[in-house]
Trainee: 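The following block contains the structure, expressed as structure tokens.
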Amino acid sequence: MAGRVNISARLHDILAKAESICVMTGAGVSAESGVPTFRGNDGLWKKFRPEELASFDAFIRNPELVWEWYAYRRKLISEVRPNPGHRALAEMQDVIPDFTLVTQNVDNLHTRAGSRDVIELHGNIMRSYCLDCGLFAGGSVQEIPSGIPSCEHCGGMLRPDVVWFGEILPQPAFQKAAEAAGRCDVFLSVGTSGIVYPAASIPRMAREAGAYVVEVNPDSTDLTPGISETLSGPSGVVLPDLLSILKEYHGHQQN
Ligand code: OAD
């Protein structure tokens, strides 16, 4: 059901003409699936110390503890499902000719919802790679490692394929995200506090390149002052509304 969110006439007009849309999501888009955010009241960084769990030094100091934490998160994620926000974004891809989905999330829920070619800025918790030979080990959502998993090729220690504090982002992913932000007509910043860089620079790049930047979030964030329009509400409500509007103007095209 569309029409629950207050969308300006200007945004209606821009959505009607939009040929290129770029979306960047953060932990908030998965909140309605039951995945905790990082900085909310029940946020992961309120209960756990990132310096003990999410840095390369922490991993080398205590790989068993770090793997235990990632196994716990993999299990949690494997038990939840994509929500209407994820599903609306997956459908938008077939409505807008040039649509790019960038995520800071490692939870794989966009792909499980049907999105294709998701740009993962911070990796994917379901994958790991070998510290010795670099071989990737794809995981399935059912695979929950116990202890320290090892490489099936060389026996080396696997690490989760996620970006930890102090590490650089995968450069091809960041580059593609920056390009999409630079050419889009509308940029949606969804469910992110916008405080972790360089991901948080992407909405700013879009704005500087002339895009209409829309924030979808029940709360204001560090990005809010530079936003063209805020849609204040949960993404599981706002994104299906935006999808309905886009379908009204663009019809339902198959790529
Ligand atoms: P945060 O936990 O910092 O922010 C989550 C945002 O989601 C907040 O602004 C909330 O207001 C918003 N939110 C909560 N529920 C929502 C809902 N139902 N709909 C829409 N928005 C909602 O998470 P991120 O911004 O994703 O990095 O954090 C960025 C990075 O910090 C993460 O990728 C992770 C973390 O350290 C790495 O792991 C490298």
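Atoms within a ligand are numbered from 1 in the order they appear, just like the ligands themselves.
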Trainee: Could you tell me whether E120 and K176 make a salt bridge, using a distance below 4.0 angstrom between a side-chain N and a carboxylate O?
Mentor: no

Trainee: For ligand 1, what are the residues with a heavy-atom contact below 4.0 Å?
Mentor: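 Ligand 1 pocket, heavy atoms under 4.0 Å: G26, A27, G28, A31, E32, T37, F38, R39, W45, Q104, H122, V163, F165, G191, T192, S193, V196, N217, P218, D219, T221, P234, S235.
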
Trainee: Between the side chains of S20 and D185, is a donor N or O closer than 3.5 angstrom to an acceptor N or O?
Mentor: no

Trainee: Is D57 paired with R61 through a side-chain N to carboxylate O contact shorter than 4.0 Å?
Mentor: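 Here R61 does not pair with D57 in a salt bridge, since their nearest N and O are not under 4.0 Å apart.
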
Trainee: In residues 187-203, what donor-acceptor pairs under 3.5 Å come from side-chain atoms, sequence neighbours left out?
Mentor:
| unit_1 | atom_1 | unit_2 | atom_2 | d |
| --- | --- | --- | --- | --- |
| T192 | OG1 | Q104 | NE2 | 2.9 |
| T192 | OG1 | G194 | N | 3.2 |
| Y197 | OH | R204 | NH1 | 2.1 |
| S201 | OG | P198 | O | 2.5 |

Trainee: In terms of side-chain geometry, is the basic nitrogen of E179 or R183 positioned less than 4.0 Å from the acidic oxygen of its partner?
Mentor: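 Salt bridge between E179 and R183, a charged N being under 4.0 Å from a carboxylate O: no.
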
Trainee: Before accepting this row, confirm whether a basic side-chain N of the pair K247/D94 lies closer than 4.0 Å to the acidic partner's carboxylate O.
Mentor: no

